[in-house]
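Worksheet: the structure to be examined is printed underneath.
Lettering follows sequence order; numbering is per chain, from 1.
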There are 2 protein chains.
Amino acid sequence: MKKPIPSAKRSAGVTRPRPEPGYHHGELQEALIAASEAILAEQGAEGFTLREAARRAGVSPAAPSHHFGNAQGLLTEVAIRGYDALADALRKAVSDKRSAREKLHAQGMAYVGFALRHPGRFQMMFANKRLLADDARLRQASRAAGAEFEMVVAELVGGTPKQAKTAAAAAWSTVHGFAKLALEEKFGSVSNEAGRREITITLDRILNYLWPASGA
Amino acid sequence: MKKPIPSAKRSAGVTRPRPEPGYHHGELQEALIAASEAILAEQGAEGFTLREAARRAGVSPAAPSHHFGNAQGLLTEVAIRGYDALADALRKAVSDKRSAREKLHAQGMAYVGFALRHPGRFQMMFANKRLLADDARLRQASRAAGAEFEMVVAELVGGTPKQAKTAAAAAWSTVHGFAKLALEEKFGSVSNEAGRREITITLDRILNYLWPASGA
DNA sequence: ATATCTATCTTAACAGTGTTTAGATAGATC
DNA sequence: GATCTATCTAAACACTGTTAAGATAGATAT
């Protein structure tokens, strides 16, 4: 009758001693998220179903609703982790780079690399209608990933904050558009390693064209 | 038993005299495509269902299969018309422009304008998994729209064909990414006219930043 | 230790989806 | 006017997400 949806009571104070399944699963939230990510990795964003996620976690189709409300709630959690992973990748990409231009270049490559390596997750992260688009944590995670871009771009272009914001939007649009078009096979096959390597080369050329060494 | 799927017997030689509904609809293909486009306009890409399209056309859920095979077939036809409309918009955008830079700028604005004015259709055009991605006519229509870009970019950059292709991919990626991110509300609300106008201004700035008046 | 309480999960059902099969109907052809 | 063929319907199937009601297990309190 009541719909509790605690959704974040798991790590409250003391550690849980019994993590393994019984009637009470114990780790259902994590199991459902892991199952969802596995489906996205295997079948892509269109292949996800709530029932399949429940099946893989070994519970009934109704079980997820107690933890996530509905499918959107579960996918929102998956998307948040996706944005966190993306932000990590963008952060790692700049770690060993000197110039701002090198950093931006590396971030662009890392962004598309993430999309090509995790297409299902990536597509779901930007499938607003399948997520709780107004969720505060989701918006924060998305913003945090975008901030990684803005920092590097601000270093590159200098200028006013407005100019920096414009340049950041430009960089994000370019790599995001390239990733999306690549995943829709507009630049050739993406299902084999050879195709992905060629696409990577194309991206490299695009970034060098738009942000040449001489500076903009 | 047999699955005919004529799919293009409509305008074969003589004109059809009786276009209005009976048991034989007469114009079911067009009616289904129109219904689908209406759904996409009203509900977006996620709102489309084959049964709803059939409902609007006044036929049973099984009727579309005789003309389009399945939902992918119908949506492929819708996507083809979408690409045709997009190519038209890109063509019209350059018609009154002088310099190559003006043309590219106008095309970019037109591309995003199309996406913002027809979000459902636009999203469906790039939802490969919901279409017959290998359909020859679909690929041709998509290529034709892309060619509008390549022509203008070749005029702008000159250089080798490879350089032109890189530049075209860069331009397409940027405007496509911007459109996609805008539709996912990453640049603010897009549901009201004020929001759309601000987004248009942002795009204008991005294009001026990436392709400045001084030339590249 | 026993009873109670509460979170967790199941069973069952509902309305909806895309697709297939078999059959009915209407328009065109001979 | 009979036959033929394209077109559409009716019914069924296996799915989907979600909800309501009830069972169970673990924790808490007595």
Side-chain angles (χ1 to χ4, degrees), chain A residues 1-10 12-32 36 39 43 45-76 129-132, chain B residues 1-10 12-32 36 39 43 45-76 129-132:
Chain A
M1 303 107 195
K2 289 167 297 182
K3 302 270 276 351
I5 316 174
S7 179
K9 187 87 71 65
R10 185 61 44 206
V14 288
T15 56
R16 275 297 196 79
R18 212 143 308 104
E20 273 313 311
Y23 193 92
H24 283 33
H25 188 125
E27 302 289 353
L28 223 200
Q29 296 190 221
E30 288 305 319
L32 284 170
S36 301
I39 295 170
Q43 323 240 32
E46 309 281 335
F48 171 86
T49 70
L50 183 60
R51 289 181 104 103
E52 174 65 15
R55 230 171 272 137
R56 294 192 183 209
V59 294
S60 79
S65 77
H66 298 285
H67 292 276
F68 299 101
N70 54 22
Q72 286 188 339
L74 170 54
L75 289 174
T76 297
K129 300 223 173 130
R130 308 195 63 177
L131 310 176
L132 301 173
Chain B
M1 300 104 196
K2 290 168 294 180
K3 301 270 276 346
I5 314 174
S7 178
K9 188 87 71 65
R10 185 60 46 206
V14 289
T15 55
R16 276 295 198 78
R18 213 144 304 105
E20 272 313 309
Y23 192 93
H24 281 32
H25 188 126
E27 301 289 351
L28 224 200
Q29 296 190 221
E30 289 306 318
L32 284 169
S36 301
I39 295 171
Q43 322 242 33
E46 308 281 334
F48 171 86
T49 71
L50 183 61
R51 289 179 104 105
E52 173 64 15
R55 229 171 274 136
R56 294 191 184 210
V59 294
S60 79
S65 77
H66 298 286
H67 292 277
F68 299 100
N70 55 22
Q72 287 187 339
L74 170 54
L75 289 174
T76 296
K129 300 224 174 133
R130 306 194 64 177
L131 310 176
L132 300 173

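Every side chain to side chain contact (heavy atoms under 4.5 Å, CB included) that B:Ala62 has, sequence neighbours left out, goes to B:Ser60. Scanning for side chain to side chain contact (heavy atoms under 4.5 Å, CB included) contacts around B:Ala71 gives B:Leu50, with sequence neighbours left out. Under the rule for a salt bridge (Lys or Arg N to Asp or Glu O under 4.0 Å), the partners of A:Arg56 that lie at least two apart in sequence or sit in another chain are A:Glu42, A:Glu52.
Contact of the B:Arg130 side chain with the B:Gln72 side chain is not registered, since no non-hydrogen atoms from C-beta on lie closer than 4.5 Å.
Here salt bridge (Lys or Arg N to Asp or Glu O under 4.0 Å) pairs that include residues 65-74 of chain B, with residues two or more places apart or in two chains, number zero. Judged as a salt bridge (Lys or Arg N to Asp or Glu O under 4.0 Å), not a single pair has a partner in residues 60-71 of chain A (not counting sequence neighbours).
Atom NE2 of A:His67 and atom P of C:dT10 are 9 Å apart (whole Å). The distance between atom CD1 of B:Ile39 and atom P of C:dG16, rounded to the nearest whole Å, is 15 Å. For the pair B:His66 NE2 and D:dC8 P, the interatomic distance rounds to 8 Å; values are reported in whole Å. The CD atom of A:Glu46 sits 15 Å away from the C1' atom of C:dT17 (whole-angstrom rounding). We find that CZ of A:Phe68 is positioned 16 Å from P of D:dT19, with the value rounded to whole Å. The distance between atom CG of A:Leu32 and atom C1' of C:dC9, rounded to the nearest whole Å, is 12 Å.
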Every protein N/O within reach of nucleotides 14-18 of chain D N/O, cut-off under 3.5 Å:
from, atom 1, to, atom 2, distance (Å)
D:dT16, OP2, A:Arg55, NH2, 2.8
D:dG17, OP1, A:Leu50, N, 2.5
D:dG17, OP2, A:Leu50, N, 3.2
D:dG17, OP2, A:Arg51, N, 2.8
D:dG17, N7, A:Arg51, NH1, 2.4
D:dG17, O6, A:Arg51, NH1, 3.0
D:dT18, OP2, A:Ala71, N, 3.0

